[in-house]
Q: 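I have a structure here, written as structure tokens, and I will follow up with some questions on it.
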Amino acid sequence: MAQEIRFRSGGHELVGHLAVPDGVQQTLPGLVLCHGFPSIAGAGSAVLSTLPGLADQLAAGGWVALAYGARGCRPSEGEFSLTGWLEDVVAAIAELRSRTAVQDVWLAGFGRGGALAICAAADDETIRGVIAFAPPADFDDWAEQPRRLLEFARRAGVVHDQNFPRNFEQWSAGLRAIRVVACAERLHPRPLMVIHGLADTDVSVFDARVIVDAHSSAELRLIPGASHDLRLDPRAIAVLLGWLDRQEP
């Protein structure tokens, strides 16, 4: 069974896709799926497009899966900020936990969504584990050119209000405040798997190695020929399914 849901995060209404196994009454494991940042102009409203199908596939395997659009990604409300997107991960976790069928929660994230999943889990000791696809080790490249990021965010369709942000310094400070490597270190000893494509031209494979080293017991899977867009790579999804099968319900 799948349905569109709406929930609140920081005063904004977010839209999500909740997939629940059919005909199952007992408590089940839950997974939050975090999308990445759009890579081309106008793609803000499409970042969620491939994740509902993945959520449905996971539900067929016995998971309660929630895919959602972070703030700024229409039809979700709000405007993009990195700290806001981290708040959205936390809100999605709370929404999934509110479902009576969910017992424990894991996180899966793609690109910048994978990095934020690691950080959200580091701050929530009840998260059972994280699998991250091509996460950056930091957001320093954004922090070094915040106005360029804001301009692209407008073109990408995740910032819509021409007067946003009201406080640019505060908005840009959030780009340095979130430290993925430090979060990976705090996530230990809970499970972490990092998957990275060897043909990724967006995030260096070095970032994956840094994150794995910081965690100290994380798994690393490198996929030959794979690009940054791992959610469309069947090999990456097969790794996800295998990793979930190894998690304790």
Side-chain angles (χ1 to χ4, degrees), residues 6-16 32-51 67-92 107 109-120 122-123 132-184 200-204 206-208 210-211 227-231:
R6 296 173 183 265
F7 60 96
R8 306 295 295 183
S9 175
H12 306 295
E13 184 178 76
L14 305 186
V15 176
V32 174
L33 293 166
C34 308
H35 63 72
F37 191 80
S39 59
I40 59 174
S45 60
V47 291
L48 185 60
S49 61
T50 60
L51 293 185
Y68 68 96
R71 65 187 66 183
C73 299
R74 297 295 184 257
S76 292
E77 296 177 347
E79 312 291 342
F80 163 77
S81 73
L82 192 59
T83 54
W85 273 28
L86 181 57
E87 187 178 2
D88 294 346
V89 180
V90 174
L107 306 181
F110 297 85
R112 274 75 184 177
L116 294 175
I118 292 171
C119 291
D123 291 333
F133 298 78
D138 57 52
F139 296 95
D140 290 351
D141 56 337
W142 282 1
E144 289 169 1
Q145 301 185 71
R147 293 196 180 278
R148 182 177 178 182
L149 170 65
L150 181 58
E151 291 171 3
F152 179 76
R154 295 188 193 284
R155 295 198 304 273
V158 293
V159 172
H160 311 269
D161 183 349
Q162 292 302 311
N163 295 316
F164 180 88
R166 302 300 190 273
N167 186 327
F168 179 79
E169 288 70 25
Q170 183 180 23
W171 181 87
S172 58
L175 303 174
R176 290 199 186 277
I178 298 174
R179 312 305 298 175
V180 184
V181 171
C183 291
D200 191 334
T201 58
D202 187 340
V203 176
S204 170
F206 177 76
D207 287 48
V210 169
I211 292 171
S227 68
H228 183 68
D229 207 1
L230 290 173
R231 74 186 189 281

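Being a predicted model, the structure only gives us computed values, none of them experimental. In this chain, residues are counted from 1 in sequence order.
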Q: Look at the side chain of His160 and the backbone N and O of Glu79, then say whether any donor-acceptor pair between them is shorter than 3.5 Å.
A: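 Flag not set: sc His160 to bb Glu79 has no pair under 3.5 Å.
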
Q: Could you tell me if the side chain of Leu150 sits less than 4.5 Å from the side chain of Pro165, heavy atoms only?
A: yes

Q: Check the orientation of His35 and Tyr68. Use parallel for under 30°, tilted for 30 to 60°, and perpendicular for over 60°.
A: tilted

Q: Mind checking the CZ-CZ spacing from Arg147 to Phe168? Nearest 0.5 Å is all I need.
A: 4.0 Å

Q: To the nearest 0.5 Å, what is the distance between CG (Leu86) and SG (Cys119)?
A: 6.5 Å

Q: When you measure from the side chain of Glu13 to the backbone of Glu77, do you find a donor-acceptor pair of N or O atoms at a distance under 3.5 Å?
A: no

Q: How long is the gap from SG on Cys73 to CG on Leu14, to the nearest 0.5 Å?
A: 9.5 Å

Q: So is Arg231 actually on top of Phe133's ring, under 6.0 Å and inside 45° of the axis?
A: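 Arg231 over Phe133 ring: no.
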
Q: Please assess Glu151 against Val159 for the test side-chain contact (heavy atoms from CB on, under 4.5 Å), listing each intermediate value before the final yes or no.
A: CA-CA 9 Å; Glu151 291 171 3; Val159 172; over 6 Å; no

Q: Is the CZ atom of Arg6 crowded by more than 12 outside heavy atoms at less than 6.0 Å?
A: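 Yes.
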
Q: What is the distance from atom CG of Leu107 to atom CG of Leu116, rounded to the nearest 0.5 Å?
A: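 Leu107 CG to Leu116 CG: 10.5 Å, rounded to 0.5 Å.
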
Q: For Gly36, does its backbone N or O pair with a side-chain atom of Trp85 as donor and acceptor, under 3.5 Å?
A: no

Q: Please name the pair of heavy atoms, one in Gly111 and one in Pro136, separated by the smallest distance, quoted to 0.1 Å.
A: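 In this case the closest contact between Gly111 and Pro136 is O-CD, 3.6 Å.
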
Q: Rounded to the nearest 0.5 Å, what separation is found between the CD atom of Glu87 and the CG atom of Leu82?
A: 12.0 Å

Q: Would you find a donor on one side and an acceptor on the other, under 3.5 Å apart, between the side chain of Arg74 and the backbone of Val158?
A: no

Q: So which atom in Ala153 and which in Phe80 form the shortest heavy-atom distance, rounded to 0.1 Å?
A: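 For Ala153 versus Phe80, the nearest heavy atoms are CB-CD2, 4.4 Å.
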
Q: Would you give the length of the straight line joining atom CZ of Arg179 to atom CD1 of Ile118, rounded to the nearest 0.5 angstrom?
A: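 Atom-to-atom, Arg179:CZ and Ile118:CD1 are 13.5 Å apart.
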
Q: Would you please test Thr201 and His228 for side-chain contact (heavy atoms from CB on, under 4.5 Å) and show each step?
A: CA-CA 7 Å; Thr201 58; His228 183 68; over 6 Å; no

Q: Is Asp207 reaching over with its side chain to a backbone N or O of Ala137, donor-acceptor style, under 3.5 angstrom?
A: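 Flag set: sc Asp207 to bb Ala137 pair under 3.5 Å.
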
Q: Strictly distance-based, threshold 3.5 Å: is any side-chain N or O of Ser76 a donor or acceptor partner for the main-chain N or O of Val15?
A: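 Yes, the answer is positive, given that a donor and an acceptor are paired below the 3.5 Å cut-off.
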
Q: Any side-chain to backbone donor/acceptor pair from Asp88 onto Ala70? Under 3.5 Å, distance only.
A: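 Here the side-chain-to-backbone pair does not exist.
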
